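In this text, all values refer to a predicted model and were calculated from it rather than measured experimentally. In what follows, chains carry the letters A, B, and so on, assigned in the order in which the sequence lines appear, proteins first and then strands, with residues in each chain numbered from 1.
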There are 2 protein chains.
Amino acid sequence: MDNENKYCYKYPHAALTADCVVFGFDGESLAVLLIERGIEPFKGRWALPGGFMRMDETITECARRELLEETGVDIEFVEQFNTFSSVDRDPRERVVTVAHYALVRKSDYKVMAGDDAVKAKWWNIKELPTLAFDHDSILRCAERVLRERIHFEPIGFNLLDEKFTISELQRLYEAILGVQFDRRNFHKKITGLGILVPLDEKDTSGRGRSGQLYSFNEREYNALKNKGMKLEF
Amino acid sequence: MDNENKYCYKYPHAALTADCVVFGFDGESLAVLLIERGIEPFKGRWALPGGFMRMDETITECARRELLEETGVDIEFVEQFNTFSSVDRDPRERVVTVAHYALVRKSDYKVMAGDDAVKAKWWNIKELPTLAFDHDSILRCAERVLRERIHFEPIGFNLLDEKFTISELQRLYEAILGVQFDRRNFHKKITGLGILVPLDEKDTSGRGRSGQLYSFNEREYNALKNKGMKLEF
DNA sequence: ATTAATTGTGTTATGATGACGCAAAGTTAC
DNA sequence: GTAACTTTGCGTCATCATAACACAATTAAT
């Protein structure tokens with residue numbers, strides 16, 4: 001018996017991986033965290049961080065672990081959005097991947113390549129390279145899902161600092177949705193939801209009038225949601 | 001070498017399955033298609049139709065095939081909604097399942113148990129038994145996803161006959177969403193979308209005034225959608 | 001014919017949305 | 001210091017979508 005292949009099954013098994021599309025925001029535009037592959041296949045090509053699931057972890061725990069190992073980034077909220085299972089998506093063997101997404105503020109994380117990755121860095125979402133495997137289509141799917149979910153979940157707040165201005169929030173929504181809002185209508189709508197807490201501080205970094213700083217109150221958001229209140233951003 | 005276990009890998013592999021939550025409608029209430037398991041584990045318990053993925057099919061092709069084999073029901077539109085990967089969700093080995101849903105008119109399908117299923121039948125969604133594995137939580141997740149997607153996709157029309165009245169459509173939406181609409185406002189809103197085609201026929205089966213029969217024009221729907229028209233049901 | 005059930009259309013009040021005006025509060029240039 | 005410029009916060013108004021309800025038209029049952 002081949003010692004290299006000691007895990008044997010009655011029926012053929014596909015390998016299972018988790019991949020991560022990590023969105024980051026710097027106040028201006030969206031970025032995605034990619035790694036440069038250090039091993040074959042697709043050695044030297046950029047790809048989504050991810051890897052093979054172990055037997056003692058769920059697929060989402062796998063996504064978090066692989067992301068940490070390959071990029072040094074440890075993210076609490078990682079969520080699956082689709083499973084990709086084309087028969088020939090990996091040249092090595094049959095591999096099915098469960099794609100996840102996460103949203104973070106870029107400034108909170110120090111990116112360090114590790115494991116099978118020779119590099120890890122943020123890429124502006126408008127200037128992406130061609131990716132390994134079917135990761136291009138996974139990424140496009142992630143963008144579509146993000147645009148849909150941002151309307152109903154407060155996931156966008158993960159991308160901002162603890163304290164933020166309405167303008168920063170607006171720039172974020174505009175970057176994700178690819179549209180422009182009227183500044184004054186956005187202000188009214190977002191403050192009218194009752195989930196932003198005004199702080200006793202202002203943002204004096206801009207050139208004009210200082211903007212009121214707010215924080216997002218997740219408990220308040222959940223309370224409203226449980227009451228059945230309609231919350232659409 | 002054990003001839004029983006001839007598929008060997010360098011690293012342990014989880015088994016991969018597809019499960020199906022098939023929703024059916026009979027004009028009054030929603031039902032789900034379940035099978036009674038004929039083999040261990042959970043022999044004699046009711047479960048979602050589903051089974052192990054082959055190496056030459058995608059996970060969604062697997063869902064369709066297993067559904068056909070176990071229930072005799074062949075459904076074109078089956079869509080994945082979530083992957084379940086708890087470490088101990090199957091007592092035999094590590095099994096990860098990609099859950100799918102489908103929506104059909106009950107009258108279109110003749111249900112016949114096959115394969116590892118000893119029975120297959122429709123269960124009213126309000127009177128379900130306790131299911132095998134973690135299928136209870138998969139089913140609850142499917143209901144939640146269905147309620148969300150029905151607002152933005154015309155999936156509900158799969159549950160109705162080719163020709164239907166506005167009242168039948170309303171009963172369907174009420175069954176899925178668990179709410180009551182004002183009959184007259186629903187009528188105006190749904191006809192105003194411009195995706196229903198009035199036919200030269202009326203439904204004379206009811207007790208009062210005969211209702212206008214409509215059909216759903218999918219081409220028209222897609223045309224409107226591609227034009228960027230907002231379509232919310 | 002009368003009654004009851006059901007459908008199709010209209011009316012109205014209310015609230016949300018989108019486009020825009022304008023003053024207040026800051027910074028920058030001189 | 002002051003004028004010019006930038007940005008923020010609040011208000012107004014027309015328009016559209018929604019919800020609640022009235023009422024006439026159509027059909028079956030009696």
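Listed by first and then second residue, the side chain to side chain donor-acceptor pair (under 3.5 Å) pairs that reach into residues 165-178 of chain B are B/Q170-B/E174, sequence neighbours excluded.
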Throw together a table of side-chain donor-acceptor distances under 3.5 angstrom for residues 195-202 of chain B, partners on residues two or more places apart or in other chains.
| unit_1 | atom_1 | unit_2 | atom_2 | d |
| --- | --- | --- | --- | --- |
| B/E201 | OE1 | B/K163 | NZ | 3.4 |
| B/E201 | OE2 | B/K163 | NZ | 2.6 |

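Salt bridge present: B/K225 and B/E153 bring a charged side-chain N and a carboxylate O closer than 4.0 Å. Using a 4.0 Å cut-off between charged nitrogen and carboxylate oxygen, A/R65 and A/E61 do not count as a salt-bridge pair. At a threshold of 4.0 Å, the pair B/E76-B/R64 does not count as salt-bridged, since none of the basic side-chain nitrogens sits closer than that to a carboxylate oxygen.
Closest approach of B/I176 and B/R147 over heavy atoms only: O-CG, 3.2 Å. B/C141 and B/N82 make their closest contact through SG-CB, 4.3 Å (heavy atoms, listed as atom of the first residue, atom of the second, distance).
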Pairs under 3.5 Å (N/O, protein and nucleotides 9-12 of chain C):
| unit_1 | atom_1 | unit_2 | atom_2 | d |
| --- | --- | --- | --- | --- |
| C/dG10 | O6 | B/K188 | NZ | 3.2 |
| C/dT11 | O4 | B/K188 | NZ | 3.1 |

Protein N or O to nucleotides 27-30 of chain C N or O, pairs below 3.5 Å:
| unit_1 | atom_1 | unit_2 | atom_2 | d |
| --- | --- | --- | --- | --- |
| C/dT27 | O4' | A/R207 | O | 2.5 |

Where do A/K121 and A/E36 land on the salt bridge (charged side-chain N to carboxylate O under 4.0 Å, His left out) test, with the steps shown first? CA-CA 9 Å; A/K121 76 161 203 165; A/E36 188 183 325; over 6 Å; no

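Nucleotides of DNA chain D lying under 4.0 Å from heavy atoms of chain B occupy a range whose first and last members, 5' to 3', are D/dT18 to D/dA28.
The closest side-chain heavy-atom distance from B/T17 to B/V98 is not below 4.5 Å.
B/H100 places no side-chain N or O within donor-acceptor distance of the main-chain N or O of B/A63, the cut-off being under 3.5 Å. When atom types are taken as modelled, the side chain of B/S137 and the backbone of B/D134 share a donor-acceptor pair closer than 3.5 angstrom.
C/dT7 atom P lies 12 Å from atom CZ of B/F186, rounded to whole Å. A straight line from NZ of B/K202 to P of C/dG8 spans 7 Å, rounded to a whole angstrom.
Counting only Watson-Crick and G-U wobble pairs whose two key distances fall under 3.5 Å, DNA chain D forms stems of three or more stacked pairs at C:1-30 with D:1-30.
Ring planes of B/W123 and B/W46: perpendicular class, angle over 60° (limits at 30 and 60°).
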